[in-house]
Colleague: 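Provided herewith is a single structure, encoded as structure tokens, for subsequent inquiry.
This structure is a prediction, so every number in the text was calculated from the model and none was measured. Note on naming: letters A, B, ... go to the chains in the order of the sequence lines (proteins, then strands), and numbering restarts at 1 for each one.
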There are 2 protein chains.
Amino acid sequence: MSETTYTVTGMTCDHCVRSVIEEVAKIDGVTGVLVDLPTGAVTVTGTREPAAADVRAAVEEAGYTLTA
Amino acid sequence: MSETTYTVTGMTCDHCVRSVIEEVAKIDGVTGVLVDLPTGAVTVTGTREPAAADVRAAVEEAGYTLTA
């Protein structure tokens, strides 16, 4: 099991949060996504740590920016 | 904040897990979804507890069954 927290900027509302969850959940091996809207923290749980490039692509697909 | 754990039957692989996360994430107010495949436990975090009917509908939309 792996749990990694990223920082996403640009999310302003619950709809943003759901878009990020939906896109990140599409990455192979992801079993959970938790977003803290005030801080932009996105915690991804999975059977293994996802490739950073995959997380970045998913966040950008949702319309936001991965900053860390 | 609210955190509720449901039990979903019928998930057999990572693809099932991702389908459930994607559908449950569409419910208003949901900020996180975490699935434990071996037990079928689906933990939903949100700004408020989602309506049970909404969770049931999302799980069924993904193709699985909410049992608790």
Colleague: Which atoms of B:S19 are under 4.5 Å from chain A, going by heavy atoms: the side chain, the backbone, both sets, or neither?
Modeller: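 Contact with chain A: none, neither part.
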Colleague: Can you name the nearest heavy-atom pair linking A:R18 to B:V30, along with the distance?
Modeller: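 Smallest interatomic distance, heavy atoms only, reads CG-O, 3.7 Å.
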Colleague: Taking every non-hydrogen pair under 4.5 Å, which of A:T43, A:D14, A:V42 racks up the most with chain B?
Modeller: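 Most pairs with chain B among the choices: A:D14.
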Colleague: Measuring heavy-atom distances to chain A, does B:L37 have an atom under 4.5 Å in its side chain, in its backbone, in both, or in neither?
Modeller: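 Neither part; nothing is under 4.5 Å.
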Colleague: At their closest point, which heavy atom of A:L34 faces which heavy atom of B:G32, and how far apart are they?
Modeller: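 Answer, listing the atom of A:L34 first, then B:G32: CD1-CA, 3.7 Å.
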Colleague: Which bit of B:V17 comes within less than 4.5 Å of chain A, counting heavy atoms only: side chain, backbone, both or neither?
Modeller: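 It is the side chain, since no backbone atom gets that close.
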Colleague: Not counting sequence neighbours, which residues clear side-chain hydrogen bond (donor to acceptor under 3.5 Å, both in side chains) with A:T39? List them please.
Modeller: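 Partners of A:T39 by the side-chain hydrogen bond (donor to acceptor under 3.5 Å, both in side chains) criterion, ordered by chain and then number, come out as A:D36.
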Colleague: In chain order, what residues pass the side-chain hydrogen bond (donor to acceptor under 3.5 Å, both in side chains) check against B:T7, with sequence neighbours excluded?
Modeller: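 Once residues adjacent in sequence are excluded, B:T7 has no partner under the side-chain hydrogen bond (donor to acceptor under 3.5 Å, both in side chains) criterion.
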